[in-house]
Trainee: 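Sharing a structure with you now.
Along the sequence shown, residues are numbered consecutively beginning with 1. Note that this is a predicted model, so its numbers are computed, not measured. Note that ligands are numbered from 1 as they come in the structure, with each ligand's atoms numbered from 1 the same way.
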Amino acid sequence: MEDCLFCKIIKGEIPSNKVYEDEEILAFNDINPAAPIHILVIPKKHIASLADMKKDDEIIVGKIYGVINKIAKEQGFKENGYRVIVNCGKDAGQEVMHLHFHLLAGEKFGDKIV
Ligand code: 5GP
Ligand code: ZN
């Protein structure tokens with residue numbers, strides 16, 4: 001997708017602070033963190049939103065959760081815990097139309113919705 005911000009990050013046309021990368025998945029720090037640790041985990045395949053997922057995309061979503069757990073372990077917040085958020089569509093406030101998982105950690109969130 002030519003006009004997609006996250007596709008441009010995947011292609012390296014826009015710089016990002018990478019946390020993890022493999023053939024199918026990229027994770028990088030959010031530019032405007034809502035928590036001490038705020039990482040975005042995305043499929044390299046352009047999927048506009050959770051609602052645009054096809055049946056085959058269920059595999060990559062499962063892998064993304066695996067990557068999230070790997071990052072949590074590597075960065076040392078697995079024990080304390082973490083929150084994963086996916087905004088889907090306008091009522092959820094999705095701004096970037098490329099499926100992304102917000103991985104938030106480093107504080108006690110309680111009932112706070114990020
Ligand atoms: P959404 O509101 O769509 O769920 O989340 C989009 C996220 O992308 C926001 O948390 C925002 O801070 C982040 N973001 C927007 N533009 C950029 C960018 O150019 N680089 C990075 N690293 N994050 C971005
Ligand atoms: Zn995209």
Trainee: Show all protein N/O/S atoms under 2.8 Å from the Zn ion (ligand 2), or state that there are none.
Mentor: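 Short answer, with waters excluded from the count: Cys4 SG, Cys7 SG, His46 ND1, His98 ND1.
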
Trainee: Classify the contact between Asn17 and ligand 1 as side chain, backbone, both or neither, using a heavy-atom distance cut-off of under 4.0 Å.
Mentor: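 Neither; no heavy atom under 4.0 Å.
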
Trainee: Have a look at ligand 1 and work out which part of Asn87, if any, has a heavy atom under 4.0 Å from it: side chain, backbone, both or neither.
Mentor: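 Within the 4.0 Å criterion, Asn87 contacts ligand 1 through side-chain atoms alone.
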
Trainee: Does atom CD of Glu13 have more than 12 heavy-atom neighbours from other groups under 6.0 Å away?
Mentor: yes

Trainee: One residue to check: Ile85. Relative to ligand 1, which of side chain, backbone, both or neither has a non-hydrogen atom less than 4.0 Å away?
Mentor: neither

Trainee: When the ring centroid of His102 is compared with that of His100, is the distance short of 6.0 Å?
Mentor: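 Centroid separation for His102 and His100: below 6.0 Å.
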
Trainee: Looking at ligand 1, does Gly93 have a heavy atom less than 4.0 Å from it?
Mentor: yes

Trainee: Lys8: what forms a salt bridge (Lys or Arg N to Asp or Glu O under 4.0 Å) with it, not counting sequence neighbours?
Mentor: none

Trainee: Give the atom numbers and elements of ligand 1 that come within less than 4.0 Å of a heavy atom of Phe6.
Mentor: 8 (O)

Trainee: Should you measure from each heavy atom of Asn32, which atoms of ligand 1 turn up under 4.0 Å away?
Mentor: 12 (O)

Trainee: Tell me if the NZ atom of Lys11 is crowded by more than 12 foreign heavy atoms within 6.0 Å.
Mentor: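 Counting other residues, nucleotides and ligands, NZ of Lys11 exceeds 12 neighbours.
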
Trainee: May I ask you to list the atoms of ligand 1 that are less than 4.0 angstrom from any heavy atom of His102?
Mentor: 1 (P), 4 (O), 5 (O), 7 (C), 10 (O)

Trainee: Under the salt bridge (Lys or Arg N to Asp or Glu O under 4.0 Å) rule, collect the residues that match up with Asp57, sequence neighbours excluded.
Mentor: Lys45

Trainee: Quick one: list whatever passes salt bridge (Lys or Arg N to Asp or Glu O under 4.0 Å) with Glu21, sequence neighbours left out.
Mentor: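 Only Lys18, Lys44 meet the salt bridge (Lys or Arg N to Asp or Glu O under 4.0 Å) criterion with Glu21.
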
Trainee: Please identify which atoms of ligand 1 are closer than 4.0 Å to at least one heavy atom of Gln94.
Mentor: 3 (O)

Trainee: What atoms of ligand 1 come closer than 4.0 angstrom to any heavy atom of Glu95?
Mentor: 1 (P), 2 (O), 3 (O)

